[in-house]
Amino acid sequence: MKQISTTAEMQKEISRLKKEGKTIGFVPTMGYLHEGHLSLIDQSLEKSDVTVLSIFVNPLQFGAGEDFGSYPRDLERDKLLAEQQGVHLFFTPDQKEMYPQKMKTAVKVEEGSEVLCGASRPGHFDGVATVVMKLFQIVAPDTAFFGQKDAQQAAIIQNMIKDFHLSVKLAICPVIREEDGLAMSSRNVKLTEEERKEAPVIFYLLQQMVKQSQKESKVVRAEDAAKLFTRNISGELDYAEILTYPELEVPAPEHEGTLIAAAAVKYSAARLIDNIIWEQGKDETNV
Ligand code: AMP
């Protein structure tokens with residue numbers, strides 16, 4: 001595995017590989033790797049000749065008062081895991097490399113960022129889209145691997161690819177969970193013991209929302225989802241609702257088609273998100 005920390009060296013390396021006819025798979029992350037990230041790497045290794053993993057905690061996507069400073073970081077451990085997993089290029093730019101000047105141009109998300117996480121994190125998805133656009137320019141991947149764990153992010157990036165005629169293909173990979181159902185996240189280490197015990201209930205409640213919607217052939221309303229969550233969690237509910245996917249619009253009660261049940265819960269030092277995507281109106285899928 002080769003570690004590269006500058007954009008110039010990465011671009012040089014990529015153009016050399018492309019001349020050799022190699023396909024590039026790209027897994028962008030903020031590091032503190034867990035099995036969710038490793039599953040994206042595996043997908044990339046399977047589908048591409050060369051896999052690039054980036055680790056960059058992007059300041060642009062954190063709002064004031066959010067956890068940019070305390071976001072878990074351990075580059076040495078990440079390097080070891082990446083190497084064991086078979087990553088070819090380990091890209092670790094610093095802030096000066098990614099933002100050599102105050103940004104005078106940026107990507108602005110026009111649709112899809114006003115709901116779910118976007119509603120409580122203004123500017124977050126502009127920051128995500130901007131850094132992903134930059135990373136796509138640097139790595140020039142054939143395929144980029146994203147997790148369904150951040151389903152709103154994946155939908156927004158898919159729109160950006162279309163809007164800007166980018167030639168990269170997006171592969172969206174399933175949510176990897178702990179044995180008790182909690183979606184893996186770098187932020188899980190910031191939960192207290194009590195919070196960690198409770199947190200799997202988020203996935204359980206999302207499953208209840210899906211099962212009830214399927215059983216009654218009627219989409220559970222946001223008010224009822226919010227009641228269900230606030231009755232069962234000690235953390236502060238940010239949102240729990242069902243929307244169409246990938247459009248992220250409020251569905252009619254009798255809606256048939258792809259839906260997402262998504263929730264975000266704020267614990268003392270970590271805000272957790274999770275979701276389930278399913279086909280409403282088709283045979284009951286096992287959630
Ligand atoms: P992050 O480092 O949290 O920004 O995540 C980097 C990538 O890993 C994103 O595409 C995430 O959606 C994906 N990811 C994070 N957690 C999981 C998970 N539990 N299962 C699958 N993919 C994940």
Side-chain angles (χ1 to χ4, degrees), residues 25-47 51-63 66-68 70-75 77-79 81-82 85 87 90-93 98 112 116-118 121 124-125 127-136 139 141 143-161 168-191 196 199-200 202-203 206 245-246 260 262-265 270-277:
F26 178 40
V27 181
T29 79
M30 298 205 297
Y32 212 73
L33 300 180
H34 52 65
E35 282 171 47
H37 299 118
L38 302 186
S39 75
L40 304 186
I41 295 171
D42 285 343
Q43 284 296 307
S44 174
L45 289 169
E46 202 183 304
K47 305 215 164 76
T51 289
V52 182
L53 173 75
S54 69
I55 311 268
F56 181 64
V57 184
N58 173 36
L60 214 60
Q61 70 191 66
F62 288 80
E66 290 187 355
D67 60 348
F68 173 70
S70 63
Y71 192 85
R73 294 164 169 90
D74 189 341
L75 203 57
R77 179 176 160 276
D78 286 348
K79 192 174 173 181
L81 287 171
Q85 207 67 18
V87 166
F90 185 62
F91 184 42
T92 53
M98 286 303 288
L116 304 180
C117 290
R121 303 187 72 187
H124 167 68
F125 287 112
V128 169
T130 299
V131 82
V132 170
M133 176 66 101
K134 283 160 86 67
L135 288 166
F136 282 176
V139 178
T143 310
F145 296 82
F146 282 78
Q148 187 205 303
K149 163 80 176 9
D150 299 274
Q152 185 173 16
Q153 167 175 285
I156 284 169
I157 298 301
Q158 187 68 75
N159 284 331
M160 181 178 85
I161 288 171
V168 57
K169 275 205 298 288
L170 198 66
I172 301 175
C173 308
V175 184
I176 305 298
R177 302 180 177 282
E178 302 286 355
E179 266 178 27
D180 58 13
L182 176 63
M184 291 201 182
S185 163
S186 305
R187 290 186 169 99
N188 288 350
V189 294
K190 294 170 76 184
L191 298 172
R196 175 62 189 84
I202 298 171
F203 180 47
L206 287 170
Y245 194 81
I260 180 169
V265 175
R271 178 179 173 282
L272 302 187
I273 59 170
D274 198 357
N275 70 80
I276 297 173
I277 295 177

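Note that ligands are numbered from 1 as they come in the structure, with each ligand's atoms numbered from 1 the same way.
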Can you tell me which residue and heavy atom of the protein come closest to atom 5 (O) of ligand 1, and the distance to 0.1 Å?
H37 NE2, 3.5 Å
Does ligand 1 have any atom sitting under 4.0 Å from a heavy atom of H34?
yes
Got an N/O contact under 3.5 Å between M184 and ligand 1?
yes
Starting from atom 12 (O) of ligand 1, what is the nearest protein heavy atom, named by residue and atom, and what distance separates them?
D150 OD2, 2.6 Å
Heavy-atom nearest neighbour of atom 9 (C) of ligand 1 within options G147, S185, A151:
G147
Enumerate the atoms of ligand 1 whose separation from the nearest heavy atom of P174 is less than 4.0 angstrom.
20 (N), 21 (C)
State the atoms of ligand 1, each with its element, that fall below the 4.0 Å cut-off from a heavy-atom position in F146.
10 (O)
Ligand 1 to S39 polar contact by distance, N or O atoms, under 3.5 Å:
no
Heavy atom of the protein closest to atom 13 (C) of ligand 1 (residue, atom name, distance)
L40 CD1, 3.7 Å
Does any N/O atom on I176 come nearer than 3.5 Å to any N/O atom on ligand 1?
yes
protein heavy-atom neighbour closest to atom 6 (C) of ligand 1 works out as P28 O, 3.4 Å
Could you list the atoms of ligand 1 found under 4.0 angstrom from a heavy atom of M30?
1 (P), 2 (O), 4 (O)
Pi-cation contact, F68 with R73 (under 6.0 Å, within 45°):
yes
the protein heavy atom lying closest to atom 23 (C) of ligand 1 turns out to be K149 CB, 3.9 Å
